[in-house]
> 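Attaching a single structure in C-alpha cells format; questions to follow.
A, B, ... follow the sequence lines: proteins, then strands. Residue 1 opens every chain. Note that this is a predicted model, so its numbers are computed, not measured.
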Number of protein chains: 2
Amino acid sequence: MNGSGVRGTVTMHDVAARAGVSIKTVSNVVNDYPHIRPATREKVQRAIDELGYRMNLSARSLRQGRTGIIGLALPELSLPYFAELADSVIRAAEARGVVVLIEQTSADRQHELEVLTSDRRQLTDGLIFSPLELGPDDADALKVDYPLVVLGERIFGGEWDHVTMNNVDAARAATQHLIDQGRRRIAVIGAHAGETMGSAALRVLGYQAALAANGIPFDPELVIEGGLWHRATGADCTNRLLDSGVKVDAVFGLNDALALGALHVLHARDVDVPGDIAVIGFDDIEDAAYASPTLSSISPGREQIASMAVDLLLARIAGEEQPFRRVITDFEVMPRESTAV
Amino acid sequence: MNGSGVRGTVTMHDVAARAGVSIKTVSNVVNDYPHIRPATREKVQRAIDELGYRMNLSARSLRQGRTGIIGLALPELSLPYFAELADSVIRAAEARGVVVLIEQTSADRQHELEVLTSDRRQLTDGLIFSPLELGPDDADALKVDYPLVVLGERIFGGEWDHVTMNNVDAARAATQHLIDQGRRRIAVIGAHAGETMGSAALRVLGYQAALAANGIPFDPELVIEGGLWHRATGADCTNRLLDSGVKVDAVFGLNDALALGALHVLHARDVDVPGDIAVIGFDDIEDAAYASPTLSSISPGREQIASMAVDLLLARIAGEEQPFRRVITDFEVMPRESTAV
DNA sequence: GCTAGGCTTTACAACGTTGCAGAAGCGCGA
DNA sequence: TCGCGCTTCTGCAACGTTGTAAAGCCTAGC
C-alpha cells in the first residue's frame with residue numbers, strides 16, 4: 001500500500017519527477033486548481049497513486065498558516081453530556097473536513113483560563129469553548145486573537161460567537177410539564193448560590209417564571225444547592241431534600257446527571273417515582289431513556305449546537321467578516337415515565 | 001497579553017533581534033540546550049516574555065518530522081466506556097506533553113480500516129486504536145509503518161504493541177461472583193455468534209469456564225446473541241430472554257451498557273433485582289454506581305490501560321527498539337446491589 | 001500571418017524552525 | 001607563550017509546501 005515502505009518519504013518532488021512535471025503542477029493537481037489539462041492531471045494522479053504519496057500536513061500548515069485542526073475545550077468527557085457533545089462536534093467537523101483536538105478543563109477556573117492561552121492554540125485554527133466556571137468577570141480573558149465560539153450562556157455580549165440554548169425558556173417548559181401533571185411542590189436540585197449568568201441561575205429563573213405563571217408560590221426551601229453537576233451531587237442534594245422533611249411532589253434536576261442521582265436516592269429510600277415524586281432532568285443524555293424509571297428530560301438540540309458551532313467557527317477561520325452572532329438553538333420536552341401521571 | 005496584537009506575528013527572528021542574539025540561540029533557549037550563559041538565557045527569556053512569543057508548532061513539526069499529537073481511534077464517544085477511556089487517555093497524554101486527536105469509527109469495519117490509512121495519520125505521531133469490528137483476517141491491515149498500540153484482544157500476535165485486560169479471567173470472576181451468591185441459571189447477554197477472538201467470545205469463554213469449575217451444566221439457551229453493545233441491545237436481549245420462558249436467576253451483561261439495558265427491562269417487567277434475577281455488568285462505567293439498583297460490574301483498570309497505552313506509544317515514537325509487547329492489565333470485581341444476596 | 005488573450009505550466013521565494021558544523025572566547029597545563 | 005579542549009554562540013541549509021508573478025502555449029479573429 002505504501003509504495004516506498006519508508007514512512008513520509010514520498011514528497012511532491014518525487015511525484016513531480018515521476019510524472020515529468022514541475023512540483024508546482026503536482027501541488028495544483030492536489031489542490032484541484034482548475035486550469036490543468038486532463039492529460040496532465042491524469043499523469044500526476046497516476047504518479048501519486050503509484051508512489052502512495054500523501055501530503056505532508058505540517059508543511060502545508062506552515063505555508064498556509066492553518067492546521068485544519070479545531071480545538072474543543074470542555075469540562076470532562078466522563079460527563080455524558082459532554083461526551084455526547086464531543087461526539088457531535090467531531091462528526092460535524094469531519095463532515096467539513098477538519099479534525100478536533102479535545103482539551104479537558106476539569107471544570108477548573110484556572111484550567112479554563114489556561115486553555116485560552118495555551119501553546120496548543122498554536123496548533124488549532126480556532127476553538128470551541130464550553131466554560132463551566134468562568135463568569136462575567138472573565139470576559140476580558142475571552143478577548144482572544146483567534147476564532148472562538150463559546151457554548152453556553154455564562155458570559156455574553158463579548159466579541160465572539162455564541163451558541164446556546166434558551167435555558168430560561170427550557171427550564172420553564174420543564175417546570176410547566178411538571179405542573180401540567182398536577183405537581184405543586186416542585187424542588188430544584190443543583191442550584192448555584194450567588195451565580196447570575198450560569199446555566200444554573202438561568203434555569204432556576206425559568207423555574208420561578210413557570211411557578212409564577214401558574215400562581216404557585218415560590219418556596220426557597222425547595223431550591224437545593226449543589227456543586228458540580230455529577231450524579232453524586234444529585235444524590236446528595238436529594239438526600240438533603242428528603243432529610244429536611246419539606247413537602248415535595250416533584251424534583252427538577254438542573255441536568256440529567258443530577259436527576260439520575262436523584263432517581264438513585266429515591267429508589268434507595270423507597271420513594272415511588274413518579275407516584276410519590278416525579279422527576280425531570282435536563283440535557284436528554286442517552287442514559288435518560290434507559291434509567292429506571294425512564295427519565296423525562298429536556299432535549300437541547302445537541303446536533304444543532306454542534307453543527308452551528310462548527311459552522312460559525314469555520315466561517316471565522318475562513319476570514320468572513322460578520323458581526324458576532326448569538327445563536328439560540330431549539331429545545332424539546334421529552335416526557336417519559338418519571339413524570340407520567 | 002499578546003505583545004504584538006496580530007496573531008502569530010512574533011517569530012524567533014523578532015525575539016532574536018530584540019535580545020541581540022542569533023535566532024539559533026533563541027531556539028537553544030527555548031529547547032533547553034544546556035550550554036547557554038545564564039545572562040544570555042535571561043536576556044532571551046525577557047525578550048520572549050515582552051513580545052509574547054509562542055513557538056510555531058507547524059514549523060517545528062515540519063523540521064522535526066513530529067507533531068506532538070497522537071491519535072485515538074475508538075467506536076464512539078457516546079458509549080460511556082469509550083468516553084471514560086478517552087478521558088483517561090487525554091489525561092495520560094497531557095501528563096506526558098502530547099495532545100490527542102480523537103477519531104470515531106462508528107464501530108464500522110470499513111471505517112476502522114480507513115482510520116489506519118487516513119490522511120490524518122500524517123498529522124499524528126502514532127495511533128492508539130481500539131477496534132471493534134476488525135478480526136484476525138484484518139491482521140495485515142494493522143501492519144502499518146507508524147507507531148501503533150492496539151487495545152483489546154480482537155487481533156493479536158502481530159507486529160504492534162497491545163494493551164488489554166484478561167477478558168477470560170475477568171468474565172470467569174464475574175460469573176463466579178454470581179455463583180457465589182447462589183445463582184445457578186445464569187444467562188449471558190450480548191454474545192456474538194461465530195466470533196472467536198473478540199471480547200464477546202472471550203468473555204463467554206470465561207463464563208463457561210466458571211460454570212464448569214462449579215459443576216454447573218452449560219445451557220446454550222441462556223446465551224443471548226446481540227449486536228452492538230448499547231443499552232438498547234441489552235434491553236432487547238433481555239426481552240428475548242424473558243419471552244423465551246427459560247428459567248433464569250441471573251444475567252451477565254457482557255458490558256455495562258447491556259446490563260443497564262437489562263436492568264431497564266427487568267424493572268419495566270416488574271422483575272425484582274436482585275431478588276428474582278441478579279445482574280452483573282462489565283467495564284464499571286460511572287453509570288453502574290448510580291443505576292437503580294446499583295450495578296455490580298468488573299473494573300477493567302481503565303487508568304492503567306490508558307497510561308500503559310500512552311507509554312508504549314511514546315516509547316515507539318521515541319524510536320526505542322524493543323520487541324512488541326502485550327500488556328495485560330488488572331481487573332477487579334465491584335459487587336453492588338444488583339447482585340446482593 | 002500576426003496578435004491579443006486565455007489556458008497551462010513553471011521558477012522562485014518564502015513559511016518558522018532546528019541539525020550541523022564550525023567559529024569565537026576562555027581557562028589551564030606544558 | 002602556545003595550544004588544547006571546553007563552553008558558548010552563530011550561519012547555513014534544509015524540512016515540504018504554496019503564493020506570486022511570469023513565461024510558454026494555443027486558439028480565434030482579423
> Please state how far atom CG in B/Leu57 lies from atom P in C/dT17, giving the value in whole angstrom units.
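Distance, rounded to whole Å: 9 Å.
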> In whole Å, what is the span from the CZ atom of B/Arg66 to the C1' atom of C/dT18?
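Spelled out: CZ on B/Arg66 to C1' on C/dT18 is 13 Å.
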> Taking CG from A/Leu62 and C1' from C/dT18, how many angstroms apart are they, rounded to a whole number?
13 Å
> Pick the closest DNA chain D nucleotide for B/Gln64 and for B/Ile23 by heavy atoms, then say which residue is nearer the 5' end.
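It is B/Ile23, whose closest nucleotide lies nearer the 5' terminus.
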> What integer distance in Å separates A/Met55:CE from D/dG16:P?
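Answer to the nearest Å: 13 Å.
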> Between atom NZ in B/Lys43 and atom P in D/dT8, what is the gap in whole Å?
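Result: 13 Å.
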> Check if the side chain of B/Arg63 and the base of C/dT18 share a donor-acceptor pair of N or O atoms closer than 3.5 Å.
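Present.
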> NE2 of A/His13 versus P of D/dC15: gap in Å, rounded?
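Between P of D/dC15 and NE2 of A/His13: 9 Å.
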> Any heavy-atom pair between the side chains of B/Val26 and B/Val21 that's under 4.5 Å?
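Counting from C-beta outward, B/Val21 and B/Val26 do come under 4.5 Å.
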> Side chains of B/Val30 and B/Val15, heavy atoms from C-beta outward: is any pair under 4.5 Å?
no
> Taking OP1 and OP2 of C/dC15, is either one under 4.0 Å from a side-chain nitrogen or oxygen of B/Asn56?
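So the side-chain polar atoms of B/Asn56 never come under 4.0 Å of the phosphate oxygens OP1 or OP2 of C/dC15.
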> Could you pull out all residues at least two apart from B/Arg325 that satisfy side chain to side chain donor-acceptor pair (under 3.5 Å)?
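Testing B/Arg325 for side chain to side chain donor-acceptor pair (under 3.5 Å), a comparison that skips the adjacent residues, returns none.
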> Tell me, do A/Val163 and A/Val149 make a side-chain contact under 4.5 Å, heavy atoms counted?
yes
> Measure from the side-chain heavy atoms of A/Asn31 and tell me the nearest of D/dG16, C/dT17, D/dT18.
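Taking heavy atoms from C-beta onward, the closest nucleotide is D/dT18.
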> Does B/Ser27 have a side-chain nitrogen or oxygen under 4.0 Å from the phosphate oxygens OP1 or OP2 of C/dT18?
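Indeed, a polar side-chain atom of B/Ser27 lies that close.
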> Apply side chain to side chain donor-acceptor pair (under 3.5 Å) to A/Arg109 and list each qualifying residue two or more places apart in sequence or on a separate chain.
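A/Arg109 satisfies side chain to side chain donor-acceptor pair (under 3.5 Å) with A/Asp138 once adjacent residues are dropped.
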> Listing request: all salt bridge (charged side-chain N to carboxylate O under 4.0 Å, His left out) pairs with a residue in residues 62-71 of chain B, at least two apart in sequence or in separate chains.
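Not a single pair qualifies under salt bridge (charged side-chain N to carboxylate O under 4.0 Å, His left out).
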> Are any non-hydrogen side-chain atoms of A/Asn56 and B/Leu62 less than 4.5 angstrom apart?
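Yes, at least one pair of side-chain atoms sits under 4.5 Å.
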> Check the distance between D/dA21's P and A/Lys24's NZ and give it to me in whole angstrom.
12 Å
> Suppose the criterion is side-chain hydrogen bond (donor to acceptor under 3.5 Å, both in side chains): which pairs have a residue in residues 306-315 of chain B, not counting sequence neighbours?
B/Arg96-B/Asp311
> So how far off straight is the helix from C/dG1-D/dC30 to C/dA30-D/dT1, going by the axes through five pairs at either end, to 10°?
60°
> Report yes or no: does B/Thr105 contribute a side-chain atom to a donor-acceptor pair with the main-chain N or O of B/Asp108 at less than 3.5 Å?
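Side chain of B/Thr105 to backbone of B/Asp108, a donor-acceptor pair under 3.5 Å: no, none is there.
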> Mind calculating the distance between CZ (A/Arg60) and C1' (C/dG16) to the nearest angstrom?
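From A/Arg60 CZ to C/dG16 C1': 18 Å.
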> Below 3.5 Å is the cut-off: list the nitrogen or oxygen pairs between protein and nucleotides 7-9 of chain C, distance only.
from, atom 1, to, atom 2, distance (Å)
C/dT9, OP1, A/Arg37, NE, 3.4
C/dT9, OP1, A/Arg37, NH2, 3.1
C/dT9, OP1, A/Thr40, OG1, 2.4
C/dT9, OP2, A/Arg37, N, 3.1

